[in-house]
Amino acid sequence: MLRLHNTLTRKIETLEPLKRSEVSVYTCGPTVYDYPHIGNWFTFVRYDLLIRLLKHMNLKPVWVLNITDVGHLVSDADEGDDKLQVGAKREGKTAWEIAKYYSQYFLDGLDRLNISKPTYTPKATDHIGEQIDLIQRLESADYTYIIDDGVYYDTSKFSKYADFANLDVDEQQAGVRVEFNPQKKNSTDFALWKFSKASEKRDMEWESPWGRGFPGWHIECSAMLLKYLGKTIDIHCGGIEHIPVHHTNEIAQAEALTGKPLAKIWMHTNHISIDGQKISKSLGNTILLEDVEKRGFSIMALRMLVLESHYRTQSKFTWENVKAAETRLRSLYNLAELRWQTVSDNDSGPINYEEYIHLDITKPLLDDLNTPKVLANISQHESLISENLVTHKSKPSFLKYLSAIDDCLGLDLMKQHDISLEQKDLIIKRNAARVDNKWAASDRLRDQLKEEGVGLRDTNYGSIWYRY
RNA sequence: GGCGUCGUGGCGGAGUGGUUACGCAGAGGUCUGCAAAACCUUUUAUGCCAGUUCAAUUCUGGUCGGCGCCUCCA
């Protein structure tokens, strides 16, 4: 069974799904006001690894990945330009246009990285009614108060507020760097509904029982989670930075109303760093998918790079290691291409692929998603498998092995096609030339294949081709 | 100030109380008509100081240092 680190208990725990064959998963999605950088993508690939593993275990994940398309405040200070508005201003468009464009870009990006399709990708703006309803229920239960700029959640009314993140609320207050609205009762209180200023007309604003305005950031996740997955879910995922604020607030909102645990397991992914610093726009070190391609690397190499570190460690991004990942990926593609070159379609080799699938892939993944270990295991057996394929007959089992890797890691090893009949013919002609010691003709044919992206290595068992 | 996390060889990055992680890069070599991203070998790795132990990179304490969060952030 799957064991995962649970932030709730700070321990590795066994997943025990609430339903027999279904696992509910909520992952905090992007705010769609700009292009996601590779750090953002790392996180979504990691969510995908969890989803893929659940499927591999024959469980049915019900996965909600929300799209935050409501602008939220750039800062908690009163000056409330929101991120969507900032994006809109920058590009001379409306907040709605910005949200639409970057939502689509994000969804396309999921495909480019071969990330599984979530069961639901609800947008915050499509659930304003549900959010208002939740706030009303919190209001009825006496968890809210109203000040000049909005409706706030009174965190002092939720006794377990500090538990999840082990917060020392008083000490936190001492170190804060921003100006709070002085009307707030507690420093940790947060907005459920923000009022539009009477003087301004926002691109995104709605009528509510408390007046014209827009929802706070945290309430959207609670509203969509409750709507699509219910009061208690199996796994709630998010970036590590959400522990003290966003997820703490989600728990406060939902559990205050339901009286039940919001999630059984909280899984948090760590960040990647560049040159020892986090990735952020203000530091000017963001890298986009397009930048990866501009440097001549494939998007799948980036996916490989994600797999090379554990989701809970703060890993380091370097171009040198994107190259290393690309090389490693290529080597696996070459291995996969041997499926077109096996001696026979029968199964009689000495390798127990079922065992490899279990020990090399499934087992380390079930142990808190240890992808580096999986890659190490695969690499360790690569030479043996490679040699076995050209000397023995084990194609059906080998195909199962490749499928297992693709299912769990999403590297698309099975995507490449066989080489063409013409190319195969060139290989036959070259070998005929070699038999006749016609080395010039032989090399000419090899060069021709090379131009078409096909390399050759001559072995005792014949010429093996591989793609560049 | 509070909370958290990490410190492994040129780079990245796992596991482990006593035996090779793994990948990339570098070096040497083998096979080959020549080649090959093929094969083999290889380079003072576990921040520092104590403690526990027959034995610690792995446990405990301390210390130094990095990073993250506490403000929107994956």
Side-chain angles (χ1 to χ4, degrees), chain A residues 7 10 27-31 33 36-47 68 71-77 82-83 86 162 165-180 187-188 217 237-246 248 268-273 276-282 304-305 308-310 312-331 333-334 364 367 370-380 382-383 386-387 390 434 437-440 442-443 446 450 455-460 463-464 466-468:
Chain A
T7 306
R10 317 274 161 154
T27 58
C28 287
T31 304
Y33 67 109
H37 55 66
I38 52 168
N40 303 124
W41 291 119
F42 261 56
T43 299
F44 297 116
V45 170
R46 282 175 165 152
Y47 295 162
T68 300
H72 294 294
L73 301 181
V74 170
S75 84
D76 225 1
D82 71 40
K83 289 195 283 188
V86 168
N166 196 19
L167 297 177
D168 184 336
V169 175
D170 295 334
E171 290 298 338
Q172 288 217 135
Q173 203 162 7
V176 293
R177 285 171 280 166
V178 294
E179 298 287 323
F180 285 114
S187 66
T188 48
W217 174 38
C237 305
I240 196 171
E241 81 286 356
H242 287 321
I243 296 171
V245 179
H246 181 51
T248 290
H268 287 102
T269 56
N270 211 326
H271 294 173
I272 54 168
S273 63
Q277 285 182 304
K278 72 164 183 171
I279 306 174
S280 80
K281 286 196 187 65
S282 54
M304 174 61 97
L305 189 66
E308 285 185 324
S309 66
H310 191 267
R312 284 194 289 118
T313 66
Q314 185 182 313
S315 57
K316 298 159 201 162
F317 177 92
T318 66
W319 287 109
E320 187 187 351
N321 284 295
V322 180
K323 187 170 186 294
E326 182 86 66
T327 304
R328 184 176 210 164
L329 182 65
R330 189 52 43 91
S331 143
Y333 283 154
N334 290 166
D367 185 15
N370 193 339
T371 50
K373 185 73 180 165
V374 175
L375 291 177
N377 289 340
I378 293 171
S379 293
Q380 197 159 31
E382 204 178 320
S383 298
S386 177
E387 181 171 344
V390 295
R434 291 177 68 222
N437 290 348
K438 293 177 180 166
W439 308 124
S442 156
D443 289 349
R446 186 166 63 189
K450 191 173 178 180
L456 291 173
R457 58 186 168 93
D458 300 321
T459 73
N460 294 337
S463 297
I464 304 294
Y466 55 89
R467 283 198 173 84
Y468 280 95

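Please read these numbers as outputs of a predicted model, since none were measured by experiment. Worth knowing before you read on, the calculation uses all heavy atoms, side chains too, and leaves out hydrogens, waters and symmetry mates.
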Item to check | Sugar-phosphate, base or nothing in reach of L305(A), heavy atoms under 4.0 Å | outcome: nothing
Checklist entry - Side-chain donor or acceptor of D443(A) under 3.5 Å from a matching atom on the base of G33(B)? => result yes
Checklist entry - Of all residues at least two apart in sequence or in a different chain, which pass the side-chain hydrogen bond (donor to acceptor under 3.5 Å, both in side chains) check with S309(A)? => result R46(A), S315(A)
Checklist outcome for this item: In whole angstroms, the gap separating P of G1(B) from CG of L167(A) amounts to 18 Å
Item to check | Rounded distance (Å) that lies between atom P of C70(B) and atom NE2 of H242(A) | outcome: 10 Å
Checklist entry - In chain order, what residues pass the side-chain hydrogen bond (donor to acceptor under 3.5 Å, both in side chains) check against D458(A), with sequence neighbours excluded? => result R430(A), R434(A), S463(A)
Checklist entry - Starting at CZ of R312(A) and ending at P of C6(B), how long is that distance when rounded to a whole Å? => result 8 Å
Item to check | C1'-based separation of U52(B) from C59(B) [nearest Å] | outcome: 8 Å
Next on the checklist: Using a 4.0 Å heavy-atom cut-off, does G39(A) contact any base of the nucleic acid, only the sugar-phosphate backbone, or nothing at all?
Outcome noted: base
Next on the checklist: Classify I243(A) by what it touches in the nucleic acid, base, sugar-phosphate, or nothing, heavy-atom distance under 4.0 Å.
Outcome noted: nothing
Next on the checklist: Taking U57(B) as the reference, what is the distance to C6(B) when you measure between their C1' atoms (whole Å, please)?
Outcome noted: 15 Å
Checklist outcome for this item: Sequence neighbours excluded, the answer for salt bridge (Lys or Arg N to Asp or Glu O under 4.0 Å) partners of R467(A) is E337(A)
Checklist entry - Taking atom C1' of C70(B) as reference, at what distance in whole Å does atom NE2 of H246(A) sit? => result 16 Å
Item to check | Dot-bracket summary - RNA chain B, pairs being Watson-Crick or G-U whose distances fall under 3.5 Å, with | when paired to another strand | outcome: (((((((..(((.....[...))).(((((.......)))))....(((((..]....))))))))))))....
Item to check | Qualifying residues under side chain to side chain contact (heavy atoms under 4.5 Å, CB included), relative to H271(A), sequence neighbours excluded | outcome: I240(A), E241(A)
Next on the checklist: Taking only the C1' atom of each, what is the distance from G4(B) to G9(B) in whole angstrom?
Outcome noted: 28 Å
Checklist outcome for this item: Contacts of V245(A) meeting side chain to side chain contact (heavy atoms under 4.5 Å, CB included) (sequence neighbours excluded), chain-then-number -> H218(A), N249(A)
Checklist entry - Distance between the C1' atoms of U43(B) and A25(B), in whole angstroms? => result 12 Å
Checklist entry - Taking atom P of C72(B) as reference, at what distance in whole Å does atom NE2 of H271(A) sit? => result 14 Å
Checklist entry - Between G7(B) atom C1' and N270(A) atom CG, what is the distance in whole Å? => result 14 Å
Next on the checklist: Between T371(A) and H310(A) (side chain of the first, backbone of the second, donor and acceptor by atom type, cut-off under 3.5 Å), is there such a pair?
Outcome noted: no
Item to check | Set of ring pair (Phe, Tyr, Trp, His ring centres under 6.0 Å) partners for Y333(A), sequence neighbours left out | outcome: none
Checklist outcome for this item: Atom CZ of F42(A) and atom C1' of A74(B) are separated, to the nearest Å, by 11 Å
Checklist entry - Using a cut-off of 4.0 Å on non-hydrogen atoms, how would the nucleic acid contact of H37(A) be classed: base, sugar-phosphate, or nothing? => result base
Checklist entry - Should S442(A) be listed as having a side-chain N or O under 4.0 Å from OP1 or OP2 of G33(B)? => result no
Checklist entry - Which part of the nucleic acid, if any, lies within contact of L456(A), taking any heavy atom under 4.0 Å across all strands shown: a base, the sugar-phosphate backbone alone, or nothing? => result base
Item to check | Closest-nucleotide ordering on RNA chain B, the 5'-leading residue of N40(A) and T459(A) | outcome: T459(A)
Next on the checklist: Once side chain to side chain contact (heavy atoms under 4.5 Å, CB included) is applied, do any residues pair with E382(A), and if so which ones, sequence neighbours excluded?
Outcome noted: S331(A), L332(A), L335(A), S379(A)
Checklist outcome for this item: Once base and sugar-phosphate atoms are separated, protein heavy atoms under 4.0 Å mark nucleotides 13-26 of chain B, 5' to 3', with B, S and - as SSS-----BSBS--
Checklist entry - Start at the 5' end of RNA chain B and walk down; is the nucleotide closest to S386(A) or to S273(A) reached first? => result S386(A)
Checklist entry - Of all heavy-atom pairs between T313(A) and N270(A), which one has the smallest distance, and what is that distance? => result O-CB, 3.3 Å
Next on the checklist: Side chains of P364(A) and N377(A), heavy atoms from C-beta outward: is any pair under 4.5 Å?
Outcome noted: yes
Checklist entry - Within the structure shown, what part of the strands sits under 4.0 Å from R46(A) by heavy-atom distance: base, sugar-phosphate, or nothing? => result nothing
Next on the checklist: Among residues at least two apart in sequence or on other chains, which ones pass side-chain hydrogen bond (donor to acceptor under 3.5 Å, both in side chains) with T27(A)?
Outcome noted: W63(A)
Item to check | Spacing of W41(A) atom CH2 relative to A74(B) atom P, expressed in whole Å | outcome: 11 Å
Checklist outcome for this item: Hits for side-chain hydrogen bond (donor to acceptor under 3.5 Å, both in side chains) against H268(A), two or more places apart or cross-chain, chain-then-number order -> T7(A), H247(A)
Next on the checklist: At under 4.0 Å between heavy atoms, how does the protein contact nucleotides 27-32 of chain B? Give one character per nucleotide, 5' to 3', with B, S or -.
Outcome noted: ------
